[in-house]
Protein chains: 2
Amino acid sequence: MATKKITSLEVAKLAGVSQSAVSRVFTPGASVSKKTNEKVRRAASKLGYRPNILARSLITGKSRIIGLVVSHLDNYFYPEALELLSNALQKKGYHVLVFMASKTSGNIDDVVDEILDYQVDSIILASVAMSSNLATRCTSAGVPVILFNRTQDDNRLSSVTSDNFAGGKKAARFLIAGGHKRIAYIAGWEGASTQRDREAGFVKELKEHGISLYAYEVGNFVRDEARQAARKMFTADEIPDAVFVASDDMSFAVMDVIRFELGLKIPEQVSVVGYDDVPVASWPAYDLTTVRQPANRMVAETISIILECIEDKETKPRRIQIDGPLVIRGSARISNK
Amino acid sequence: MATKKITSLEVAKLAGVSQSAVSRVFTPGASVSKKTNEKVRRAASKLGYRPNILARSLITGKSRIIGLVVSHLDNYFYPEALELLSNALQKKGYHVLVFMASKTSGNIDDVVDEILDYQVDSIILASVAMSSNLATRCTSAGVPVILFNRTQDDNRLSSVTSDNFAGGKKAARFLIAGGHKRIAYIAGWEGASTQRDREAGFVKELKEHGISLYAYEVGNFVRDEARQAARKMFTADEIPDAVFVASDDMSFAVMDVIRFELGLKIPEQVSVVGYDDVPVASWPAYDLTTVRQPANRMVAETISIILECIEDKETKPRRIQIDGPLVIRGSARISNK
DNA sequence: TTATTTCTTGCATACGAATGCAAATACTTC
DNA sequence: GAAGTATTTGCATTCGTATGCAAGAAATAA
């Protein structure tokens, strides 16, 4: 197996210049004459030379690798975000190293340690939290950490989320305006700031209208648990006439239970409102009214924060909240019946 | 910003040994005495030392990074596969560097070049092809390439797919047994071997029963195009009574058109069979009969090939086809009406 | 105890590219 | 053409770790 390694030295030899010259040709902004540049490029492409990013990283201290920790790829909001993120970073010359955080155990710290081993330029935690201890490690290692779709009470961490509190309020306002009287909520995982904020906003708005939650169950952002929650909620004596579900993903499960297991009509008997606006929400089979998380804008913000941090170490952490609209579709009544 | 870099040298100093000793402690299988080992480990954890993978790679020639090229994260088969892949590799001490191949332009070669820059130990192309020229580059760089869910006529590339031909046959056999008389097909992108094999198997089986395709449209594995295809196919004079769609993803779009735009009943008036068995297929709203691609077994095979190639350069490329069952649900009639 | 073998250890070097510095070359200007 | 400035270039070193080699320590055999 002719495992050839073409190094800058060989290119230099062929081009009749020094290794430094070759390096400079491939270093944007370095001082090289037109002639040398051409000679080197010709030799390089002849040999199929490409700079070794790893070797370069060793010196520059920049790996052009961004570590991404994800745990919920089965929630279709994340594949979309991943795709946007990866594409955008790719355009900027960075690439994404993926780390799965198992949903069960809270071993995020171990995972982040592994990430640091790769000398990543930055870490994105998608819907995942980290220990304060580890945040210290990252900070002192000079690796900026950005929480995506999650916040945390640690002022060293930047975060980008949708405005979950406002989103919760929007959902409530909409259901109230629709004349619903028995309004319920199916919660996500209580450890998630997104869940807490959505609930808080929702409950707050209800309260401001003198309404209190008619029913409450926890789905933990897991479809099966959402199903259970729905079964429990909608087999009671007098069932809710509206339910706000903390994620689209759970909403689909809830709708399926309501329609196919319990034979109820949506939205005639029960209105359902979700959160995320993943692609499936717009499919006619669900046609889900939901609060949109503008993935593209969230990603854009994330990336701008990352690049800023990488270029200028002194940037202080920011917390971005992006407002998302309520997307009105057919899963919830609009006027009072 | 106290950007401290803890190196093996500092650990060595603290532990009162040489840098080599530290290195050996962190190199599995190296010769170190129990005493030294302890001293070093104590010092290391005190300083929070962790070996720099990049520097290590420079010497060993192994980065423990696997490059993954994806292009269809919106088809929910891929997030699932990505999750399985990443998890399994993580357990083996490898990690996945993600590269998005834009669906539109065929710039795969550029992408793979970028991957090679990172000195990856192997490349997985998920549902993506590469030029023969580039395959040469990879081979000569000693980087094994594995096609996932795609084959290609290049005997230097390994591939792992489901048995698409057999899957197509199963779909046909099932529809025939269900007494369908006007059987149609909505194809994926013709450049994909998966598409071609599924179609070939399907048509072959029909032919063996003396049946020919009643209608044919192309959906290119894109939901919108599948919708168009369905509209065209099901507004004809005498519509098909069954359609095999080349992917679940397209199937959902097709079912939505059939039900909600055209007001037809599934499976009473039209039977639909898909391919993939993504999670959504089992949701009651679709309840799609489909040929399963066993993602977990496909991933397991992929990984075993990768590890084998990395350890033993002389392994020759393999082509694995994994048989998947037809999962019978409610979207297709079983008995002749 | 001494000779022999097996483990450990440190030294020095290598991996591939980037960069400060000083020497060399090219370009201006008078 | 000389003097001065701006631009290129090569040399040597550096990044953090792994590893062949030879010397030293420990264990075993005689």
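The chains referred to below are lettered A, B, ... by the order of the sequence lines, with proteins before strands, and numbering in each begins at 1.
- Between B:Lys5 atom NZ and D:dT17 atom C1' the separation is 13 Å, expressed in whole Å.
- Across residues 39-57 of chain B, B:Tyr49, B:Arg50, B:Pro51, B:Asn52, B:Ala55, B:Arg56 each have a non-hydrogen atom less than 4.0 Å from an atom of DNA chain D (numbered order).
- None of B:Asp109, B:Thr136, B:Asp154 except one satisfies the side-chain hydrogen bond (donor to acceptor under 3.5 Å, both in side chains) rule with B:Ser131; the exception is B:Asp109.
- One finds a side-chain N or O of B:Ser23 lying less than 4.0 angstrom from the OP1 or OP2 phosphate oxygen of D:dA18.
- Two rings, from B:Phe221 and B:His72, have their centers 6.0 Å or more apart.
- Near DNA chain C, meaning a heavy atom under 4.0 Å from it, residues 14-22 of chain B has B:Val17, B:Ser18, B:Ser20, B:Ala21 in order of number.
- Nearer to the 5' terminus of DNA chain C, by closest-nucleotide assignment, is the contact made by B:Asn37 (compared with the other of B:Ile59 and B:Asn37).
- Atom CG in A:Asp117 sits roughly 10 Å away from atom P in D:dT17 (whole-Å rounding).
- In terms of modelled atom types and a separation under 3.5 Å, the side chain of B:Arg156 and the main chain of B:Ala135 share no donor-acceptor contact.
- Under a 3.5 Å cut-off, the side chain of A:Ser159 and the backbone N or O of A:Thr151 do not form any donor-acceptor pair.
- A:Ser23 meets the side chain to side chain donor-acceptor pair (under 3.5 Å) test with no other residue; sequence neighbours excluded.
- Remark: side-chain polar atoms of B:Gln152 are not paired, donor with acceptor, to backbone N or O of B:Leu157 under 3.5 angstrom.
- The CG atom of B:Leu9 sits 12 Å away from the C1' atom of D:dC15 (whole-angstrom rounding).
- One interatomic measurement links the two molecules: CD of B:Glu38 to P of C:dT9, which rounds to 12 Å at whole-angstrom precision.
- Proximity of B:Thr60 to the phosphate of C:dC15: no side-chain N or O atom is located under 4.0 Å from OP1 or OP2.
- With hydrogens and angles ignored, the 3.5 Å screen pairs no side-chain donor or acceptor of B:Arg24 with any backbone N or O of B:Val32.
- Counting to the nearest Å, the P atom of C:dT19 and the CG atom of A:Leu58 are 12 Å from each other.
- Because its NZ or CZ atom is both nearer than 6.0 Å to the ring centre of B:Phe26 and within 45° of the ring axis, B:Arg41 counts as a cation-pi partner of that residue.
- At the heavy-atom level, A:Ser31 lies under 4.0 Å from base atoms of the strands shown.
- Between the CZ atom of B:Arg64 and the P atom of D:dT17 there is a distance of 16 Å, rounded to whole Å.
- Computed from coordinates, the B:Arg24 CZ to C:dT9 C1' distance equals 7 Å when rounded to whole Å.
- Among the nucleotides D:dA18, C:dA18, D:dC11, the one closest to any side-chain atom of B:Thr27 is D:dA18.
- A donor-acceptor contact shorter than 3.5 Å links the side chain of A:Asp121 to the backbone of A:Arg64.
- Distance A:Lys62 NZ to C:dA18 C1': 14 Å, rounded to the nearest Å.
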